[in-house]
Amino acid sequence: MLKRNADMAQIFHRSANFIARASLLGGALLAGAALTAVLVLARSPYITNERVTRTQPVQFSHKHHVGDDGIDCRYCHTSVESSAYAGIPPTRTCMNCHSVLFNNVGYLEIIRESYRADESIQWTKVHRLADYVYFNHGIHINKGIGCSSCHGSVNQMPLILQASPLNMNWCLDCHRNPQANLRPKDQIFNMDWKAPANQEEVGRQLAAEYKLRTTVELTSCSTCHR
Amino acid sequence: MSSERHSQIFGVMGEFSTPEDLLAATRKTREAGYKHIEAYTPFPVEGLSEAVGFTGFRSNLVAFLTLLGGIGGGLSGFGLQYWVSVITYPINIGGRSLNSWPAFIPVTFELTVLGASLTAVISMLALNKLPQPYHPVFNVQRFSQASTDKFFLCIEARDPKFDLIQTAKFLRSLHAQHVNEVKDEE
Amino acid sequence: MSEHEHEKQLRILQGPQGQNAAFKRRHDHGDHDDEPEDLTVHKHRLELAAVREKLKNKSGKQYWRTLEELSEDPHFTELLHREFPRHASEWDDSVDRRDFLKLMGASLALAGLAGCGRPDETHIVPYVKQPDGLVLGKPNFYATAMPFGADAVGVLVESHEGRPTKIEGNPDHPSSLGATSAIVQASILNLYDPDRSQTVLEGGEIRAWSRFLDVAQELATSVKATSGANFRILTGTVTSPTLAWQLKKLLTLYPQAKWHQWEPAVSDGAREGAKLAFGRVVNTVYVPAKADVILSLDADFLMSGPGHISYARQFARRRSPDGAKDSMTRLYVVEPTPTVTGSNADHKLPMRACDIELFARALAAKLGHGSAVSLPAEVEKWLAAAASDLEKARGSSLVIAGEQQSSAVHALAHAINAALGNTGTTLYYTEPVEAEPANQLDSLRDLCADMDAGKVDLLLILGGNPAYDAPHDFDFVSKLKKVHTAVHLSPYFDETSAYCQWHVSESHYLESWSDARAHDGTASIIQPLISPLYYTKSAHDIVAAFSDKPGLPPYEAVRGYWTEAAAKLAFTVESGWRKWLNDGVVTGTKFAPIAPALKFDPASLPAFSSVPPEQVEYLFRPDPTIYDGRFANNGWLQELPKPVTKLTWDNAALVSPRFAQKKDFAHKVMARGGEHGQIRTAVVDIALNGSKVTAATWTLPGQAENTVVLHLGYGRTRAGYTGTNKGFNAYMVRTSKTLWSALGGEITATGDDYPLACTQYHFNVEARQILANASLDEYKKNPRFAHEEFEEPEKDNSLYQAFTYPGHAWGMAIDLNKCNGCNACVVACQSENNIAVVGKDQVLRAREMHWIRIDRYYINTPSSTDGHHAGDTTEYSPALDNPQTHFQPVPCMQCENAPCEQVCPVGATTHSAEGLNDMVYNRCIGTRYCSNNCPYKVRRFNFLRFQDWETPQFKLLRNPEVTVRSRGVMEKCTYCVQRINNRRIEAEKQNRPIRDGEIVTACEAVCPSEAIVFGDINDPNSKVAKMKAQQRNYAINAELNARPRTTYLAAVRNPNAELEKA
Amino acid sequence: MSVTQNMQVPREKEPWLEPGHTYASVTDKIASAVLTRPLGIGWLAGFALTFSIVMMLFGACAWLFTKGVGIWGINIPVGWGFAIVNFVWWIGIGHAGTLISAILFLLNQQWRTSINRFAEAMTLFAVACAGLFPLLHTGRPWMAYYMMPYPSTMGIWPQFRSPLIWDVFAVSTYGTVSLIFWFVGLLPDLATLRDRAKTKWQQVIFGMLSMGWRGSARHWRRYQVAYLLLAGLATPLVLSVHTVVSFDFAVGIVPGWHTTIFPPYFVAGAIYSGFAMVLTLAIPMRAAYGMEDFITRRHLEQMAKVMLATGLIVAYGYFIEFFLAFYSQNKFDFFMTEQRLHGPYRWFYYALILCNILTPQLLWIKKVRRNIAALFVISLVINTGMWLERFVIVVISLTRDFMPSAWGRYSATVWDYATFIGTLGLFTMLMFLFVRGLPAIAISEMRELVHQESHGSEGHQ
């Protein structure tokens, strides 16, 4: 009596239900994930080059020169206090010592050759800021920001590497709350400086002493961009 | 091939040619004590959802969710603007005060509408359990008319009162033009 | 400064420049004649090789001809294109299909690249031996001087790691007083001009300098035989004592040889006038500072001529309406065509140049010299008023005769000044500044005669471009062809070089040692800031090459001369040299005043042959920006709007409104560019002195009715990429008889029109609070006249509460009474802020990039409410015959309620805590909304990639302290924020507040008349705060409540009541 | 024939659907256009033409990205030209669809049924065209994402006081909501197509798109609630979008922009141009696909009336602009108004008055309202007029503002035109695809209409 009907009208197998819902939900999740990935990537060393070492013509070791020999930063980076640019030492500075010390080891031949031939050594840049950022070493040193605050404990680095992300957020963190990183003048070049327990108030005192500008001033665009 | 496929009964379905017939039949079915019934029409028929017993807050859940969506959108909209302009990076923009709330109204409004609209549609689909490209009723060949000019009433097997023969008889007694058994494949 | 910038520099610094910076620092031995003979180090090696290839199968003698053919050759021109700055050539929309498809591909690539932010590896290239005293990242300043005509302007040049980047004035130098002019500012661009010729060429073939030295000696011996009878030297006006000394020595070697001088734009009138008046050439130095009444007889002493910068400053200082009673000078100007000076006059009388002598005679007669002359009534009245004013101010009045005026006018001026007892107070006389004063026209005439007669076998042309600028009737070229060997020293391979067997590329004054005298005789040592970029030489080298000391470096020559000269001075070279270089002036070389006896009686002048008033006079004048053509290839000057006409990239035949109306020369304001860009004007043929030029006309209010002015310097055929074939060549119709003024020409419209790039066409303030001005009396009556109409709303009159600026609050005040519209600030800003040149096509589209512009308004002209030709000068109205003219510099106003900031969707322009309207180029996405919403229209947009990123020379030129903007971003004045930040950092290092006047913006620094003052308005004692406290202080369109930080002091003119009453 | 009837007996209500239609017949007629009807030569030709125009648009954009916005006629002072004019124009057109679907739905106007579907499609395509321009007109389009609020490593965010940011949110919200509104409306029809599909792939495609819609009573219930809510939300949204667009100008201080009348008269103008565009499209389409029965003269007349009404509001807006300029005696506004009459661009203004104010007055006449050819022409005229209005507002205001020294002019380059025409091509191409790919009229709603017409019951919920 009952009419048996062939399943003509049915187009999809029941599994299609799951597939359809899963693909919709999955699509949404995937989009979200992709977006997050981009944001994360932008902060990753892949973009910031944080902790990336570069091969240099001469495998110069800050660990040896700063850590072991205890040479002061300013011996090579002469203009760090006075100028925007810390200064990469001319070959002559290397030769000051190496005309006497290790004056015949092979791996320093590049230095000697550079000096003889009067041709510069091409170092690969490690800390790179964009052209439209006008960073000034001098003022930071003079206002109690120590080298290691940005460059990390260079005296531990056999090969120099970029210790901080160097992106704008990172700059702003300090410009909004410099107190956290202010040091007494005599600690500026101390690579092992650690913030004391009472950094909060020490920072406040130093800020007053250094006549630090207000956060509003320090975070104005033209402070770094021209 | 269908014969090989092991399948079970989903329900029995009666076909009517006018919305009025269907409405009447549905009401009778409910009176007959059937609980798990569903009607299918090519366009919304007034009173039908009540007839199949879909009433009360459940039937307006979409509206409630939409309200929440709207409020959520609006709050997040203004919140974002306030946080950006006053808290995270306060900058002097043309001498306007940091919290220039009048300037924040348009975006707040837009996000309210966006939040509400998206919730409305998504909740409608979700509560309807769509997408659902496969459904037993599609197994009924004549059901393809349900999107054109035929009106169907389905009494589902999970109904305690359901009995294939009796229920089919009952439907025919309501002057259903065709009565089909609805199979569901495993 | 960005560190990245530094590597750019350091990389550059390898090679000679590097050490050069060192030796310049230790002002010892200057000889660095150490360039390799091997030319392969040259940037243009390949190109030159290609040229040589082309020339291979030509015989040596015709080389200089084939060069010409070459320049027509498409490959060659294409090759030039590649070398040359692309900014001007880039921007026509037309593009062929192949190009187009290529670019379509490129665009996709570009879209992809833009997103990825990962920087590639870059390198640091430090010195090998760092020069002493050089601190990386800190500029050094060196004093030197720019020789120009019969003058030299002392300058301090900013140098970054050995690259000169910016020129400032030298306060210790009498011709500068710390300021400079537009031309001096722009001269640094010539140094880096990639079109400069770069080697010694013999018939277009590259020769080593040593080769030239040998040839020179051969030639020398050959002319020695005739003791130089067939040897001629042609120079411009020489103010270099050393060069003169060398030349004179040379002439002793060749007794028969002759030294000729020719400068097309310097008139003999002054020299001859002096001879007429005193029987000898003297140099006149004016002291406007002491003058209460000044009458200028067609003299543009504020804008041109020796000492004009110092005159402008002295004049401006006397223009304050707030001083003691009658302490404000009154300036009368009689001139045929509006100049900067005329536009600043209290009373201006437009008059044909040829009538001015008559005017001068009449004035002399009024003062009791010579016989009375009859003048038209209105002129008579004007003269009477001026004369009585002058007499009232006996001893403190001043009459100045114009460069281009006749010897008679100059003589009359001397006589009148004497009669008024001004000699010794408002002006004094000295020995001539020129080493060898000569009537240059005669001098050139003689030379041409000799060349024509075949008497000249060897001709040295040291600078100058006679083939282009010699009087047309001399037909210099054909005569030059008769010279056996001509040697041309010039910075470009120009029109003259093309006809000389030898071309020696000339060093820029920033590249070589020399010396020069200022307008008052003060000498300066010119020291190089950078070793020559190319294989260039100076006149000293050439002269030496033909002397008995071939190869004597200029440094030795200069030292040599001053060792001799020092004998006369207080101390020796050894003791003085360092000081001289440091100060930029040689101590004690200022000429002492002399009192030449006046042996001239106006009555002795021949009867004046007056010209019928309806006759049209054609005037030749040096161009206000590119001068006599020597700056034709300077993009900054080409694009600099001419002070009065606001034209760029072209010269035009200037005519008066009446004349234009009579001849029906129309102006068409084109839809593309419009009033702010493109005006099409009638093209005319001007038949004059038997030859003809075709020129575009320009109707100029305030010009004498029957005067047509033709500016020299355009129509160059071999200027370089930027300057070639711009405008028309007025020299074509300029003859020796009519050097400055010609009569009896024919001017006929051809029916065509020509697009002129004019940056401001509309001249009417439309009754808006833009340029407040009043007469001195009105001002005395109502000192607050600038505030009557409009007031700023109250500060707290708003839904939002106002921001406060507790720290510094930078502001600027511009005194419209002092600004004379000379344009120096515009170029200074361009140089300081790396502002791109966009080329004529883009100016036609109203897209020039100047951050500060100078608006020119005509006051009391009928407000032109018919918008269609709003302010069209061809809509004649009598008010245009002699309108009162005002200039107004407009930089960014740094509004406190900046309309631009509010509408920026990405916060690329925001307000700094010190009230600066910051612009963050890298955040800008270029919606241009800010510009639309800027009520002062001071924002500039990079519609295309205007900056030239390829040409290496321009990388050297740029100021590393300022971001170089690329395509698609908005840019604008930021009060030189780089200077603010650097000074502040220095001050903070010393833990002290910033001193007033410590921060000086580029426009402020350059301003000859001290019109622009920048400073902290929170400091009540600062100069700027005091200015803003004055009652004349007002803001443009104050009622908009934008609260601009840049405000103006209203202009006050000091007219003579006599002439005021109609 | 129904027309003539009506002329004779005007009192009797003319039906919204020609008599004699059943559920099946309407379904067949509309669905067949998609499923069975072969591709006509006319369609192919039209598609080919519009497609090539779209290619031209791509070319223009490539050149734009390569060289920069300098290839356009813009300059200082006229920083905005065609791009913004076109943007506002397209957005305006994009208003009719949602308006018809939402507001008329709330107002319970049955006559919306047969036109809302393709009006909505038109909205989507118009918004798509509009959306192009803000992106294209920026100097650095590849940086446009700076306008999005996302946590960047720079720690900076969009500047929410700028109307351009409001635009970003308004336009993107409007686009999204219109899309889902349209899709929800489509659901049952997609199901119909699925069930009537002739081939397997048609079945699968429409099957997936329809999400397995089976018309169950419960579904219909939730569906109607959601649809009603969407309509309720879309209504203020429509009004807000053009209000925000008008803020781009009203918030600026430029004389000719800085006026409070803008929001209302921009909205009115938007509806005005929107309906004009609906007519421009409906008239040829009903002819081409024989849908005169569904889109009756009465529909067209109804739309004509709406145009007349909104046109009058726009006219009032123009008048008020004048009045305020004279009444306030603000010298800048006064001068600007004066410029419109006498300035270099006066002819644009006169043309604008002719197109937007004078021409539509013809619609007072019933004969004209019911004359299809006349309506078509008038709709085109109004479209032109509305474009001119935006040109007058954007360009003329900018040419002569506060500083006479900086006054300028503007004239479009070939690239401006290429981009504008290109978007016209894109719009039409999408319409061509739409009418073939999806039911141009809401089938399920038509079935309801059949139901109501047969039972004479007006209105439904």
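Chain letters run A, B, ... following the sequence lines, proteins first, then strands; residues in each count from 1. Everything numeric here is computed off the predicted structure, so don't read it as measured data.
- Of all heavy-atom pairs spanning C:His762 and D:Trp407, the tightest one is CE1-CZ3, 3.4 Å.
- Closest non-hydrogen pair, C:Arg939 versus D:Ile76, comes out as O-CD1, 3.8 Å.
- Between the SG atom of C:Cys904 and the OH atom of D:Tyr146 there is a distance of 12.0 Å, given to the nearest 0.5 Å.
- Both the backbone and the side chain of C:Pro935 come within less than 4.5 Å of a heavy atom of chain D.
- The neighbour count for D:Phe51 CZ, taken as heavy atoms of other residues, nucleotides or ligands under 6.0 Å away, does not exceed 12.
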TODO: Determine, step by step, whether D:Arg161 and C:Glu901 satisfy the salt bridge (charged side-chain N to carboxylate O under 4.0 Å, His left out) criterion, reporting the C-alpha distance in whole Å, the side-chain angles of both residues, the deciding distance to 0.1 Å, and the verdict.
DONE: CA-CA 9 Å; D:Arg161 294 168 192 81; C:Glu901 292 175 11; over 6 Å; no
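- With a 4.5 angstrom heavy-atom cutoff, D:Ala83 does not touch chain C via any of its atoms.
- In this structure, C:Arg928 and D:Thr138 have side chains that are not in contact, with every pair of non-hydrogen atoms separated by 4.5 Å or more.
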TODO: For side chain to side chain contact (heavy atoms under 4.5 Å, CB included), just list the numbers for D:Val69 and C:Phe941, CA-CA rounded to whole Å, side-chain angles, deciding distance to a tenth of an Å, and then say yes or no.
DONE: CA-CA 10 Å; D:Val69 286; C:Phe941 187 66; 3.6 Å; yes
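- Note on D:Asp401, D:Val78, D:Val254: by heavy-atom pairs under 4.5 Å with chain C, the leading option is D:Asp401.
- In terms of heavy-atom pairs under 4.5 Å with chain D, the best-connected choice from C:Ile770, C:Thr759, C:Val890 is C:Ile770.
- With contacts defined as side-chain heavy-atom distances shorter than 4.5 Å, the pair C:Gln842/D:Asn75 does not qualify.
- Atom OG1 of residue D:Thr66 and atom CG of residue C:Leu944 lie 11.5 Å apart, to the nearest 0.5 angstrom.
- Contacts of D:Trp166 with chain C are absent, with no heavy-atom separation under 4.5 Å from either backbone or side chain.
- A cation-pi contact, defined as under 6.0 Å to the ring centre and within 45° of the axis, is absent between C:Arg845 and D:Tyr410.
- Summarising the geometry of C:Arg967 relative to D:Phe65, their closest heavy-atom pair is NH2-O, 2.6 Å, with the distance given to 0.1 Å.
- Side chain to side chain, D:Ser162 and C:Tyr929 fail the donor-acceptor criterion of an N or O pair below 3.5 Å.
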TODO: Could you please spell out the steps behind the side chain to side chain contact (heavy atoms under 4.5 Å, CB included) verdict for D:Met143 and C:Val906?
DONE: CA-CA 10 Å; D:Met143 291 294 180; C:Val906 292; over 6 Å; no
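- Other residues, nucleotides and ligands contribute over 12 non-hydrogen atoms within 6.0 Å of the CZ atom of D:Phe326.
- Residues C:Glu1039 and D:Phe332 are in side-chain contact: their nearest non-hydrogen atoms beyond the backbone lie under 4.5 Å apart.
- Per-residue heavy-atom pair counts under 4.5 Å with chain C were compared for D:Pro404, D:Gly252, D:Gly408, and the maximum is reached by D:Pro404.
- Proximity to chain D (any heavy atom under 4.5 Å) is restricted, for C:Val765, to the backbone atoms N, CA, C and O.
- C:Cys924 touches chain D through its backbone: at least one of N, CA, C or O sits under 4.5 Å from a heavy atom, while the side chain does not.
- Proximity to chain C is limited to the backbone of D:Leu64, based on heavy atoms less than 4.5 angstrom apart.
- For the pair D:Val251 and C:Gln902, the minimum side-chain heavy-atom distance is below 4.5 Å.
- If you run side chain to side chain contact (heavy atoms under 4.5 Å, CB included) between D:Arg140 and each of C:Asn942, C:Asn922, C:Thr927, only C:Asn922 comes through.
- Nearest heavy-atom pair across D:Met147 and C:Pro905 is SD-CB, 3.7 Å.
- Counting only heavy atoms from C-beta outward, the side chains of D:Lys331 and C:Arg768 approach each other to under 4.5 Å.
- Side-chain contact between D:Phe402 and C:Ile1036 is absent, with no heavy-atom pair separated by less than 4.5 Å.
- Looking at heavy atoms from C-beta onward, D:Ser405 lies out of side-chain contact with C:Gln888 at the 4.5 angstrom threshold.
- One N or O on the side chain of C:Asn932 and one on the backbone of D:Gly79 form a donor-acceptor pair closer than 3.5 Å.
- Checked by atom type and distance alone, the side chain of D:Arg409 never pairs as donor or acceptor with a backbone atom of C:His676 at under 3.5 Å.
- Ranked by non-hydrogen atom pairs under 4.5 Å with chain C, the options D:Ile84, D:Val168, D:Ile253, D:Asp248 are led by D:Ile253.
- For C:Thr910, no part lies near chain D; criterion is any non-hydrogen pair under 4.5 Å.
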TODO: Apply the test side chain to side chain contact (heavy atoms under 4.5 Å, CB included) to residues C:Glu675 and D:Arg400: give CA-CA distance (whole Å), side-chain angles for both, the deciding distance (0.1 Å), then the verdict.
DONE: CA-CA 10 Å; C:Glu675 296 99 312; D:Arg400 292 184 170 168; 2.2 Å; yes
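- With a 4.5 angstrom heavy-atom cutoff, C:Ile925 touches chain D via backbone and side-chain atoms both.
- There is no contact between C:Val938 and chain D, counting heavy-atom distances below 4.5 Å.
- Ranked by heavy-atom pairs under 4.5 Å with chain D, the first of C:Gly674, C:Ala671, C:Gly677 is C:Ala671.
- Residues D:Ile156 and C:Arg923 come closest through the heavy atom pair CD1-CD, 3.7 Å.
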